[in-house]
Structure formats: structure tokens, C-alpha cells
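Chain A is the first sequence line, chain B the second, and so forth, proteins listed ahead of strands; every chain is numbered from 1. Worth saying up front: this structure is predicted, and the values here are computed from it rather than measured.
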Protein chains: 2
Amino acid sequence: MAFTARSQETRATILAAARRRFAADGYERATVRAIAADAGIDPSMVIRYYGSKEGLFAAAVDVDLRLPDPAGLPADRVGEVFARHFLGLWEDGESGEVLRVLLRTAVTNEGAAERMRTIFATQVARALGPSVEDGPTRAALVASQMLGVALCRYVLALPPLVALDVETLVADLAPTVQRYIGAPLA
Amino acid sequence: MAFTARSQETRATILAAARRRFAADGYERATVRAIAADAGIDPSMVIRYYGSKEGLFAAAVDVDLRLPDPAGLPADRVGEVFARHFLGLWEDGESGEVLRVLLRTAVTNEGAAERMRTIFATQVARALGPSVEDGPTRAALVASQMLGVALCRYVLALPPLVALDVETLVADLAPTVQRYIGAPLA
DNA sequence: CTGTGATGCCAACGGGCGTTGGCCATCACT
DNA sequence: AGTGATGGCCAACGCCCGTTGGCATCACAG
């Protein structure tokens, strides 16, 4: 049950392979056997280290959006900064992989959906600040736009969205986010 | 190989059960056996009538967005009309179910992703009209927002979005869609 | 009334899955 | 040098999957 340097290394190898497979195939189609093969070890080791496929998944999905604090920003720039930050997360190798895992899985797995719900509800709503009126609604609208782009660009790979470079996309999305954060709602 | 009235009836029963299961569980977790059980017939009949699980899926997913022609609308109302139309599709029992199937599956299945890509690329882009500058990009931006809401409201069930009634949501989304359709892009 | 084809069920197949238990190698520590 | 724990693999289990072939049954055309 103890952990040596050697075991920690293969644990990490397994986790990296799991993230890649989960991100690429989704929870159901990613098999323990394939993950183990990618990691170059035996499937039984995966179970030994993580207890079960679900345990492995839980370990593979651990995400912190690290949203910036809007208090320190010019009020009319918050939308732009948020849009850029979200896209940056998805563009980044490691956190992008985790987010892909989460999105792919949340769509067919209630547990992952619940995790996604709390992540966006708490982290985004908190970032907007507790003082804001209609905070949860605004956070959800922001989430709908940012998850929508993520879905279309990184999962469905809609060509026109894939073709845009990040800064152009930021410029197109920023006003939307800005409006959801600040403008009066219906 | 011929078709009688009786067989057409069970074919339809199977298809309805398949749509329900696919919509609820996604492609991988919806089993032919479960669909057959829901339809009250033998799993082998499903294969007999639709050839394979994939064939059944293809038959279950046949969607026409029926997008309105913006030519006959006041230019400053197009965003609102589109937003309402999309939400209406998702709120509708039958087409909503089909769209849920498509979204749930497209996230982990390349074939369904391709279908979704063509649907949104062609149908939305065509609705915007061929004359519009940056048509595909605008269509993709609209898709990103509308699929994002669909994801958050109908699949992930983010509470603040579920709580909003349709017309409020339309009012919140309309300016976004309007801007993606008409305003100058970055 | 008879026979022929479609309709449906049953049982089974081969294969892949997650998971388990047992066995060998290795390495740290006395 | 000996010994025990730990790392790793192998083989197998039980389960559920999609799919197939064969047999009963029913409807209806002659």
C-alpha cells in the first residue's frame, strides 16, 4: 500500500495515458486495456493503483479553471479577458485535455455532468462576484457560450471555427461575454 | 423482404424506442437489447429490420432544422427569430429527442460528429443566405451559441438555464445571434 | 383447405469488457 | 546473504454485448 518513487512514476504514466484516452474516446469507449497498453503496463495494474475504471476517471478529472478576478480589471474589458482565458484553457495541452475528458463524458455520464455543473456554477459564479445581480444566470449564460465554442471547435471540429485563430475568436466572443456579465437581462 | 402493414408498425415502434434510448443514454450505452425490450420485441428483430446497431442509429437520426428564410424578416429581428426557432426545436418532443440523440452521440462518435457538422454547416449557412460575407464563420458562431445553450440546458441541465422560461432566454440570446449574423466581425 | 412467405422468439456464438488471484522478479533492508 | 514486501505479468473469471441460425406461428393467396 505504500508508495515508492518507482510506483509514483507508473501511476503518473497511467494517469497521463488515461487522460489521453478519455479525452479522445470518451468514458465508455476508452477501455482499461487500451489505457494500460498505452502506458506500457498490464491492465491489472491500473485496477491495483486506482481501484476501478471509475476511480481512474475521477483521478484523471481534476480541474481548476483559475478564473481571473474581475475586480482588478477595467469594467469594459472583463468580457474580453474571460473569453481569452477560457480559450487559453482549452488550447493548453494539459488543462485542455482534462476539459475535453469532462465535456465528452458529462454528455453521457450523470456523475461527470454533476461535476461539470458544480464546476461552472461555483467557479464561474464566484468569479463574477457575489454582489452581482442575477449572478448564477449570468454565469450560466457565459458558460453556454464558452462551452458552445469549446464543443464546436475542440470536440465537433466545425471547420470555420477551427480555422479562426485564437485572438480573432476572442474578439468575436468578447462582446457576447461582456453583455452576459454586465448588460441588463431580460 | 417486403413490408406489410404489420411490419411497418413494429419498425416504427423500434425506431421510437431507439430514439428514446439513444437520447437518454447516448450511442454506446444504449444497447440493442434494451431498445428491443422497450419496444417489446426480440433483439434479433432489430437487426433483421435495420441491419445493425449503426443502421438503426442512422435511421433514428434524420433531422431537418426547418430554418426560416431571413429574407422575409425585418433585418433587426433575424437574431430573435432564429433564437426562438432553435429553442423551439429543442423544446419540441420529437425533434428535440432527435437533436439530443445527435448531440449526445456526436461527442464520442466520429460518424455522428460528421453528420452534425454537415447539418449545421449547410443548413445554417444556407439559411443565412449565400450572399452574406463570412457566411460559414457566422453560421459557426451562431451554432456555437445555440449548441452551447442546448448543451447546458437540455443535456447538462445547468439549473439557472433550466429555470429560465423560453421567451426570457430568447430575449437574452437574440442580441448575440443578431450580432453574429449581422455585425462586422473582427 | 393448403401452402408459402413474412413475423417473431429462442438459444447460442464469439468477442470484448472490467476485474481478480496467483505467481515470478526485483530491490531494500537487516 | 537472507527475507520480506513491492512491482509487474499472466491467465482466467463472469458478464454483457451485437449478431446469427433455426424453428414455431400467423396471414393470406391459390
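- The distance from atom CG of A:Leu56 to atom C1' of C:dC17 is 15 Å, rounded to the nearest whole Å.
- Within the structure, ring-ring contact (aromatic ring centres under 6.0 Å, His included) contacts touching residues 70-98 of chain B (residues at least two apart or in different chains) are B:Trp90-B:Tyr154.
- For the ring-ring contact (aromatic ring centres under 6.0 Å, His included) condition, no pair includes a residue of residues 93-124 of chain A, sequence neighbours left out.
- Evaluation of the salt bridge (Lys or Arg N to Asp or Glu O under 4.0 Å) rule for A:Arg19 yields no partner, not counting sequence neighbours.
- Summarising the geometry, the separation between CD on A:Glu9 and P on D:dG7 is reported as 12 Å, rounded to the nearest angstrom.
- Listed by first and then second residue, the salt bridge (Lys or Arg N to Asp or Glu O under 4.0 Å) pairs involving residues 143-155 of chain B are B:Glu91-B:Arg153 (not counting sequence neighbours).
- Counting any heavy atom pair closer than 4.0 Å across all strands shown, A:Tyr50 reaches no nucleic acid atom.
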Restricting both atoms to N or O, compile the protein contacts to nucleotides 15-22 of chain D shorter than 3.5 Å, with distance only.
from: D:dG18; atom 1: OP1; to: B:Val32; atom 2: N; distance (Å): 3.2
from: D:dG18; atom 1: OP1; to: B:Lys53; atom 2: NZ; distance (Å): 3.1
from: D:dG18; atom 1: OP2; to: B:Val32; atom 2: N; distance (Å): 3.0
from: D:dG18; atom 1: N7; to: B:Arg33; atom 2: NH1; distance (Å): 2.3
from: D:dG18; atom 1: O6; to: B:Arg33; atom 2: NH1; distance (Å): 3.2
from: D:dG18; atom 1: O6; to: B:Arg33; atom 2: NH2; distance (Å): 3.2
from: D:dT19; atom 1: OP2; to: B:Lys53; atom 2: N; distance (Å): 2.8

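- Atom CD1 in B:Ile41 sits roughly 18 Å away from atom P in C:dA6 (whole-Å rounding).
- B:Arg48 is linked by a salt bridge (Lys or Arg N to Asp or Glu O under 4.0 Å) to nothing, counting only residues two or more places apart in sequence or in another chain.
- Against DNA chain C, the stretch residues 14-24 of chain B makes no heavy-atom approach under 4.0 Å.
- Annotation for B:Ala39 and B:Ile14: closest pair CB-CA, 4.1 Å, computed over non-hydrogen atoms.
- Between the P atom of C:dA25 and the CE atom of A:Met45 lies a distance of 16 Å, rounded to the nearest Å.
- Residues forming a salt bridge (Lys or Arg N to Asp or Glu O under 4.0 Å) with A:Glu94 (at least two apart in sequence, or on another chain): none.
- Residues from residues 103-115 of chain A with heavy atoms under 4.0 angstrom of DNA chain D: there are none.
- Partners of B:Val162 according to the side chain to side chain contact (heavy atoms under 4.5 Å, CB included) rule, which considers only residues two or more places apart in sequence or in another chain, are B:Ala157.
- Taking A:Phe22 as the reference, A:Tyr27, A:Phe57 meet the ring pair (Phe, Tyr, Trp, His ring centres under 6.0 Å) condition, with sequence neighbours excluded.
- A donor-acceptor pair is defined here as one N or O able to donate and one able to accept, closer than 3.5 Å; no such pair exists between the side chain of B:Thr137 and the backbone of A:Pro160.
- Take A:Asp92 and apply the salt bridge (Lys or Arg N to Asp or Glu O under 4.0 Å) test, not counting sequence neighbours, and it matches no residue.
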